[in-house]
Amino acid sequence: MSEKKCFTDSGIEIKKVYYSAPLKEQKEVPGEFPYTRGVQSDMYRGKLWTMRQYAGFSTAEESNKRYHFLLSQGVMGLSVAFDLPTQIGYDSDHALADGEVGKVGVAIDSIEDMELLFAGINLEQVSTSMTINATGFILLAFYVALAKKQGADLKKISGTIQNDILKEYAARGTYIYPPKPSMRIITDIFEWCAKEVPKWNTISISGYHIREAGSTAVQEIAFTLSNGKAYVEAALAKGLDINVFGKRLSFFFNAHNHLFEEVAKFRAARKMWANIMKELGATDEKAMMLRFHTQTGGATLTAQQPLNNICRVTIQTLSAVLGGTQSLHTNGYDEALSLPTEDAARVALRTQQIVAFESGATETVDPLAGSYFVESLTDEIENKALELIAKIDAMGGSVNAIENGFMQDEIAKSAYAYQRNIESGEKIIVGVNKFQVKETNKIPGFKIDDLIRTLQSEKLQMLKNKRNNQIVAELLEKIETTAKTTENLMPIVVEAVENYCTLGEISDALRHVYGEYK
């Protein structure tokens, strides 16, 4: 097959990749270690990034309608948002779930909800990303159990669970168990998925929420890659093969408004991770590649003059694409006001499609390479991030740094300094501290009905009435017993969800053994 040729609108041919010197003198080549210039030699000339839209709200049925809408508009992969009770291991009928069911994501209590969430969607043919951490192992079990029900080949199903608990302690807060048992669950997932669902990305090590909490770009990659090291070391301590599980690690970064710093950040992160994995013993090239998903910066969106957010998201989309992302979610312009409406979700997806098909940014690999500014920034970000990682290593690694409050304190200092700069006017946010107008906000909000909790609770009661509760009790007891051993937890959790144990029941079984992190 002859290689696709690309031209500018003036008919000038665009080369697949450009070099500042003859190829034989190049230190860094796309698709080759240390991957500064991208993990594929042809990048988007060969295959575009996966276009995702993060969605999930209310009930599984309502979210399913949004997924079908997004698929009809051209998304290539689904990205599921879960409500807070689901994220922290409570069923919808739990007292602590009151007021939160279906609000910031979809409520998933059992495999029955999972069936409704993906009704009419073939799991073999769609890649699904799930933003879930403390209960990630249960949601993965629901997904695998549903795939089996659909008759899917588990060797073909693909997707990602975020499953990054360390950043929950550092920045986000949706943890359940203490760090050490949480790390055990994560390494169980690595081990089990390598055998059962080999195309599944077992973790998405997330800088996104670290940045949302107020970190700088340098802190975002330093803390994220440091957490990545901790997961790799935990897996190695369990005896797992770095060349096997290393290929299924993925990352999740934020894209902010400083176009050049963001591009340099992505390039530096790839180079740093390749070297970290090599030092930890990886020899397989694919195990050294940093593959990442990007989401545009939620914290950068303003409730003032919300249509301005379309411009911000466009700049952030360009930074992710010019930086070589593998997957991208663009935020809706109305997300500072409410969950995104259908119109805002469509504009966000069209932003990706316009960059992909109209901007020319995809037609050559690493287009900003060789820019004096970008190359210098890439090196400076790498050096500053490596200094921070060295500090964390001196403390004994990420788990100790988090338990001592180091990461949390550093993020808080950066967030405070950034806010002071906005308040002093040193940092201009258009429409917020300069170029303001009298707001006449006519953008319709997206509201979730409080009756969702009642509906979910009724569904749960019906489920409990018709299932075999003796088998459920035996399986929950078996989960507790297994948690006290070194045996892998995943097989028993999959069996439990197949027998209609709920998310809250499984979470509680482990709470009895591990306790809760305070």
Side-chain angles (χ1 to χ4, degrees), residues 34-36 162 164-173 179 183 203-234 249-258 260-280 282 288-292 294-295 297 299 319 323 374-421 427:
Y35 312 107
T36 313
Q162 191 162 97
D164 174 6
I165 204 66
L166 292 178
K167 67 93 179 43
E168 294 297 330
Y169 304 119
R172 193 162 170 265
M183 293 293 274
I203 194 166
S204 174
I205 304 155
S206 174
Y208 184 84
H209 305 96
I210 289 168
R211 193 70 179 279
E212 289 292 285
S215 83
T216 64
V218 167
Q219 289 169 334
E220 179 189 351
I221 62 167
F223 296 162
T224 306
L225 299 190
S226 190
N227 289 348
K229 266 178 87 170
Y231 293 123
V232 172
E233 285 163 352
L249 305 177
S250 65
F251 287 81
F252 174 25
F253 292 120
N254 208 312
H256 270 226
N257 290 330
H258 196 296
F260 299 102
E261 182 174 51
E262 295 302 298
V263 172
K265 175 189 82 178
F266 298 133
R267 298 173 90 247
R270 265 196 300 273
K271 184 179 178 183
M272 289 166 67
W273 185 247
N275 285 311
I276 287 168
M277 287 297 272
K278 196 173 186 180
E279 283 162 21
L280 290 168
M288 297 184 231
M289 289 179 181
L290 181 144
R291 295 166 303 115
F292 68 100
T294 311
Q295 182 176 340
S319 77
V374 169
E375 294 295 356
S376 177
L377 258 184
T378 301
D379 291 344
E380 285 189 59
I381 286 172
E382 179 189 5
N383 293 334
K384 284 182 181 296
L386 286 172
E387 280 171 27
L388 262 178
I389 290 175
K391 274 190 191 174
I392 293 165
D393 286 345
M395 293 174 200
S398 273
V399 176
N400 287 351
I402 288 164
E403 286 180 339
N404 296 333
F406 171 73
M407 286 191 197
Q408 298 92 314
D409 289 348
E410 291 294 300
I411 293 166
K413 283 182 209 159
S414 296
Y416 178 69
Y418 185 81
Q419 189 57 36
R420 289 220 24 194
N421 286 342
K427 175 85 183 164

Residue pair Lys391, Glu410: steps toward the salt bridge (Lys or Arg N to Asp or Glu O under 4.0 Å) verdict = CA-CA 12 Å; Lys391 274 190 191 174; Glu410 291 294 300; 5.5 Å; no

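- Contact check for Gln408 versus Ile411: no side-chain heavy atoms found under the 4.5 Å cut-off.
- The closest side-chain heavy-atom distance from Gln162 to His209 is below 4.5 Å.
- With rounding to the nearest 0.5 angstrom, the OG1 atom of Thr216 is 10.5 Å from the CD1 atom of Ile210.
- Side-chain atoms of Ser250 do not come within 3.5 Å of backbone N or O of Arg291 as any donor-acceptor pair.
- Residues Trp273 and Val232 share a closest heavy-atom pair of CH2-CG2, 4.0 Å.
- Aromatic ring pairs are classed by plane angle as parallel below 30°, tilted from 30° to 60° and perpendicular above 60°; the pair Phe253 and Phe266 is tilted.
- With Thr36 as the fixed residue, the side-chain contact (heavy atoms from CB on, under 4.5 Å) test singles out one of Glu382, Lys271, Met272: Lys271.
- No side-chain N or O of Ser215 forms a donor-acceptor pair with one of Ser414 less than 3.5 Å apart.
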Taking it one step at a time, do Leu225 and Phe251 satisfy side chain to side chain contact (heavy atoms under 4.5 Å, CB included)? CA-CA 9 Å; Leu225 299 190; Phe251 287 81; 3.6 Å; yes

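- Nearest heavy atom pair, residue Ala234 against residue Met183, reads CB-CE, 3.9 Å.
- If you take CD on Glu403 and CG on Leu166, they are separated by 9.5 Å, rounding to the nearest 0.5 Å.
- At least one donor-acceptor pair closer than 3.5 Å links the side chain of Asn400 to the backbone N or O of Met395.
- Distance CD1/Ile221 to CD1/Ile381: 6.5 Å, rounded to 0.5 Å.
- For the residue pair Pro34 and Ala274, the shortest heavy atom distance occurs at O-CB, 3.6 Å.
- Ala264 and Leu377 get closest at one heavy-atom pair: CB-CB, 3.6 Å.
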Stepwise side chain to side chain contact (heavy atoms under 4.5 Å, CB included) check, Phe223 with Ile392: CA-CA 9 Å; Phe223 296 162; Ile392 293 165; 3.6 Å; yes

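- Ile389 contributes atom CD1, which lies 9.5 Å from atom CG of Asn227 (distance to the nearest 0.5 angstrom).
- Partner of Glu220 under the salt bridge (Lys or Arg N to Asp or Glu O under 4.0 Å) criterion, out of Lys167, Lys265, Lys384: Lys265 alone.
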Applying side chain to side chain contact (heavy atoms under 4.5 Å, CB included) to Tyr231 and Leu249, what does each step give before you reach the verdict?
CA-CA 10 Å; Tyr231 293 123; Leu249 305 177; 5.7 Å; no

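- Considering CZ of Arg270 and OH of Tyr35, their distance stands at 11.5 Å, rounded to 0.5 Å.
- Looking at Arg172, its side chain never comes within 3.5 Å of a backbone N or O of Ala213 through a donor-acceptor pair.
- Looking at Glu262 and Thr294, their side chains never come closer than 4.5 Å, going by heavy atoms from C-beta outward.
- Under the 4.5 Å side-chain criterion, counting only non-hydrogen atoms from C-beta, Thr224 is not in contact with Asp164.
- Atoms OG1 and CG, on Thr378 and Asn383 in that order, are 11.0 Å from each other to the nearest 0.5 Å.
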